[in-house]
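Structure first, commentary second.
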Amino acid sequence: MSFSIQVVGKDKAKLKEAIRAQQVKDEAQPHNGVPTRVADHLCAEVDRVRIYEYAGRQYGLSIDASGSFHEQGSNESITIKAVLLVE
């Protein structure tokens, strides 16, 4: 089974809401969605990092996570970085 999630934003509450919306709904059938432990980790990281404005430029967070999991284990890649928001 595999998962992929990509979200970008500057409002921490909305970022966490978007992550939770893609979380696995039924742990007994985890075929669609982000595993709960990954969603928990991403939300904790959103809480931990600072979203800032510098020299009149507004920055946000880009979260890109993907991976697969099966009986033998899991393979995951998670990237969280600051991005310049242009509106």
Legend entry - Heavy atoms from other residues, nucleotides or ligands near NZ of K81 exceed 12 (cutoff 6.0 Å):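 No.
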
Quick one: pull up [atom1] in [X] and [atom2] in [Y] and give me the separation to the nearest 0.5 Å.
X	Y	atom1	atom2	answer
S2	N75	OG	CG	11.0 Å
I19	L42	CD1	CG	5.0 Å
C43	L15	SG	CG	9.0 Å
Q6	S66	CD	OG	8.5 Å

Inset, instruction - Kindly determine whether V46 and I63 satisfy side chain to side chain contact (heavy atoms under 4.5 Å, CB included), including the steps that lead there. - result: CA-CA 9 Å; V46 168; I63 299 170; 3.6 Å; yes

Inset, instruction - Answer yes or no: is there a side-chain heavy-atom contact under 4.5 Å between I51 and Q58? - result: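 Contact flag for I51/Q58 side chains = yes.
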
Legend entry - E76 bridged to R37 by N-O distance under 4.0 Å: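 A salt bridge links E76 with R37.
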
Inset, instruction - Give the intermediate values and the outcome of side chain to side chain contact (heavy atoms under 4.5 Å, CB included) for residues V8 and L61. - result: CA-CA 6 Å; V8 177; L61 294 179; over 6 Å; no

Legend entry - K12 side chain to K10 backbone, donor-acceptor under 3.5 Å: no

Inset, instruction - For the pair F3 and V38, evaluate side chain to side chain contact (heavy atoms under 4.5 Å, CB included) and give the outcome as yes or no after the intermediate values. - result: CA-CA 10 Å; F3 70 90; V38 174; 4.1 Å; yes

Legend entry - Pairs where residues 44-53 contributes a residue and the test salt bridge (Lys or Arg N to Asp or Glu O under 4.0 Å) is met, not counting sequence neighbours: K16-D47, E45-R48

